[in-house]
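Here the structure comes first, spelled out in structure tokens, and everything after it is commentary.
Since the structure is predicted, the reported quantities are computational estimates derived from the model, not experimental observations.
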Amino acid sequence: MDSAGIDPLEALVIRHAYVREHGDGSAGIHGDSSDAEIMGYTSNQSANTRAFPAAPPGVWVVFLPEGGDRARLWSVVRSHGETSNDGVRRTFDLERSDQLSDLQSRLVIGWRSPRTWALKATTAARYPVMEIADAEPVRFPGFDALTLDYSQLQAVVREHRYATWRTALSSVMGIYLITDTRDGRQYVGKADGTASVLQRWTAYAANGHGGNVELKGRDPMTFRFSVLRVFDPATPTREINAAESHYKRALDSRRHGLNRN
């Protein structure tokens, strides 16, 4: 939690149980429940239990059961407060957070109180880490369907589960697009010579601007990355240069975007 910037004094830790239906008739979750179903289940709490705080904090660290005395991390969610309470059910406005995202479905902790499903994070912080499993590989979607925000880009260049993505991106030269989603301005870039798309994007992941002057004063967290065209590494540089110039003209990224030349 410390590494993810989560203050245990301001967080709640939940371990759900697999129950298809509760005694009051409300739906539960099971091992095949989707993320949307788990989120819906998490956001709907009983109003008649002392196990859940009357005024829960804004950060919830949510685990799923892993046997009787273990729990596997599902996600960290942020609560924007209670939206309804009819005396039987309480509903909360939740959204998933990127905190601990690299450990989702990987982090397994010992759960010392099997009958307890909601704990103060200060208590759960003392529970032992039992396992950090290898991440499941993420399928590469293909260059035509590839769009990444900045946090996703950093994960791609760092995490083992994106190994096939790095292989694909390292095998091509190409023309790529960076869009600042804050104002819609665009930067057309190229990877040629000895620099693959992966090499160029790794530079952006490291410092946010990759050495490009027009990007240096901008917050990379609002950047979106995509590939416009890929080339075989044997493609002559002049052909890649021509394609880059074409896209700069087509997108008008010199006058209304972030390209200086």
Do side-chain atoms of [X] reach the backbone of [Y] as a donor and acceptor pair under 3.5 angstrom?
{"X": "Arg166", "Y": "Val156", "value": "yes"}
{"X": "Ser79", "Y": "Gly81", "value": "yes"}
{"X": "Thr222", "Y": "Asp219", "value": "yes"}

*Go through the side-chain N and O atoms of Asn48 and Ser46 and say whether any donor and acceptor fall under 3.5 Å apart.*
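Note: Asn48 and Ser46 side chains miss the donor-acceptor criterion.
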Distance flag, aromatic centroids of [Y] and [X], threshold under 6.0 Å:
{"X": "Phe52", "Y": "Trp60", "answer": "yes"}
{"X": "Trp201", "Y": "Phe225", "answer": "yes"}
{"X": "His16", "Y": "Phe63", "answer": "no"}

Regarding [X] and [Y], does a basic nitrogen lie under 4.0 Å from an acidic carboxylate oxygen?
{"X": "Arg218", "Y": "Asp180", "answer": "yes"}
{"X": "Arg106", "Y": "Glu131", "answer": "no"}
{"X": "Arg90", "Y": "Glu82", "answer": "yes"}

With a 4.5 Å heavy-atom cut-off, do [X] and [Y] have their side chains touching?
{"X": "Arg260", "Y": "Glu214", "result": "yes"}
{"X": "Leu73", "Y": "Leu100", "result": "yes"}
{"X": "Gln99", "Y": "Arg78", "result": "yes"}

Please report, to 0.1 Å, the donor-acceptor pairs under 3.5 Å made by any side chain of residues 233-243, with sequence neighbours excluded.
residue, atom, partner, partner atom, Å
Thr235, OG1, Asp232, N, 3.4
Thr235, OG1, Asp232, O, 2.7
Asn241, OD1, Lys190, NZ, 2.3

*Measure the spacing between NE2 of His256 and CG of Asp183 and express it to the nearest 0.5 Å.*
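These two atoms lie 13.0 Å from each other.
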*What is the distance from atom CH2 of Trp165 to atom CG of Leu148, rounded to the nearest 0.5 Å?*
5.5 Å
